[in-house]
Amino acid sequence: MDIAQLSEALSQGDRRALARAITLVESQRPDHRAEALELMSALPRRQALRIGLTGTPGVGKSSFIEAFGLMLTGEGLKVAVLAVDPSSARTGGSILGDKTRMERLSRDPRAFIRPSPSRSELGGVARRTREAVALCEAAGFDVVLIETVGVGQSETVVAALCDVFVLLLAPAGGDELQGVKRGIMEMADVILVNKADGALRAQAERTLADYKGALRLMRHRPQDPEGGPLALAVSAAEGRGLAEAWEAIRGLVDWRRTQGHWARTRADQARHWFEEELRQGLLAVLTEPRIRARMEALGAEVAQGRGAEEAARALLQEIAPGSPRGARSPLDLPGDST
């Protein structure tokens, strides 16, 4: 199947074509990257509601996504789940067991689940998650759920991929969020305290009240309506609160559309990923054999006492001869006075 045929099959909602397209864009082979760029440029421009989800280990992200996804497909919506699995720092492998954890949703004909390895990328998402989202949109999915590796300081990168960023918390889970609370809490659009059932229900309500109080004191952003962000208690096991969470998400999206935040956010995200691709391209230059050899030679000189900054600027001059020696950073341009 050539790229034109793959694009056509994808635009018709062919799930096998979607899986093949995601495999193509995730490949690191140079010939596959060229084909992936051709495919991405040929895709129909469609938009889905992008929802990013993160949370502490054991909070029940997969259970929530399955219950939430089944509720959405029950309403007639097509739901894609892009689950990012952590890769081993030692072997580079990933378990990729999200389809097993979401067995019922994986059998739903209106759902598509794709686990992908993080490959040690920071930010909780894989290197090509952004392209995978666009592929799911082109395939006609109404909602794309992006499940991150797990909560952490860099996990907020997913906010640059989604329209609504959802943070899942566990009852009495405040202590385990102390180290990352500011970064995550400042970025989350909707906060859900999961496992609000059985013996944990009362604790979940207390945790919810604590976070509501903290949020009122901590932040207000222009893209938040009055009283935002929203915080709710839910139970993935019992299905309690899922409809209310969906109503809150839709209400937030509708408000942002009418206020113009939606379009501005999408434009800002596009610019962000352009700059990120540029950074990655510049970093890729450093892996070229000639540059690696020169880096090794200069590194040996630095080890013998040469100034690190001087050596770095010498290499930058070789990579980009037009760059001024007095540039403040590798990305400074001639004539830039800002």
Could you grab the distance from atom [atom1] of [X] to atom [atom2] of [Y], nearest 0.5 Å is fine?
X    : Y    : atom1 : atom2 : answer
T73  : L105 : OG1   : CG    : 6.5 Å
M102 : K61  : CE    : NZ    : 9.5 Å
K195 : F64  : NZ    : CZ    : 13.5 Å
I191 : L169 : CD1   : CG    : 6.5 Å
I113 : R107 : CD1   : CZ    : 10.5 Å
L242 : F68  : CG    : CZ    : 7.5 Å

Under a 3.5 Å distance rule, please check whether [X] uses its side chain to pair with a backbone N or O of [Y] as donor and acceptor.
X    : Y    : result
R46  : S11  : yes
E131 : M40  : no
D142 : K78  : yes
N194 : L168 : no
T258 : W255 : yes
S7   : I3   : no
E301 : R306 : no
D197 : S235 : no
E244 : L232 : no
R50  : L145 : no

Counting only heavy atoms not in [X] (residues, nucleotides, ligands), do more than 12 fall under 6.0 Å from its [atom1]?
X    : atom1 : answer
E247 : CD    : no
R110 : CZ    : yes
Q5   : CD    : yes

Exercise: identify the closest heavy-atom pair between [X] and [Y]:
X    : Y    : answer
P171 : Q203 : CB-CG, 3.8 Å
A196 : V193 : CB-O, 4.2 Å
E147 : A83  : OE1-CB, 3.5 Å
V302 : A311 : CG2-CB, 3.6 Å
A233 : L208 : N-CD2, 3.7 Å
G52  : C162 : N-CB, 3.5 Å

Any chain of hydrophobic side-chain contacts (each under 4.5 Å) joining [X] to [Y]?
X    : Y    : value
L24  : I22  : yes
L230 : L53  : no
L70  : I65  : yes
I319 : L283 : yes
L200 : L167 : no

SB check [X] [Y] (cutoff 4.0 Å):
X    : Y    : answer
D14  : R20  : no
D224 : R256 : yes
R29  : D31  : yes
R128 : E276 : no
E137 : R45  : no
E238 : R201 : no
E296 : R292 : yes

Does the side chain of [X] reach to within under 4.5 Å of the side chain of [Y], using non-hydrogen atoms?
X    : Y    : value
L43  : L10  : yes
L77  : F141 : no
L298 : R294 : yes
R33  : Q28  : no

Next on the checklist: Which residue is it: L82, I51, V81, L49? I am looking for the one with a side-chain contact (heavy atoms from CB on, under 4.5 Å) to V144.
Outcome noted: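 Only match with V144 under side-chain contact (heavy atoms from CB on, under 4.5 Å): L82.
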Item to check | From CA spacing to verdict: side-chain contact (heavy atoms from CB on, under 4.5 Å), M295, L286 | outcome: CA-CA 8 Å; M295 286 177 65; L286 301 181; 4.2 Å; yes
Checklist entry - Does a donor on one side chain sit under 3.5 Å from an acceptor on the other, for R114 and T129? => result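 Distance-only check fails for R114 and T129.
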Next on the checklist: Walk me through whether F112 and V79 qualify under side-chain contact (heavy atoms from CB on, under 4.5 Å).
Outcome noted: CA-CA 6 Å; F112 173 85; V79 178; over 6 Å; no
Item to check | Six-ring centre of W262, R257 cation under 6.0 angstrom, axis tolerance 45° | outcome: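 Checked: cation-pi criterion met.
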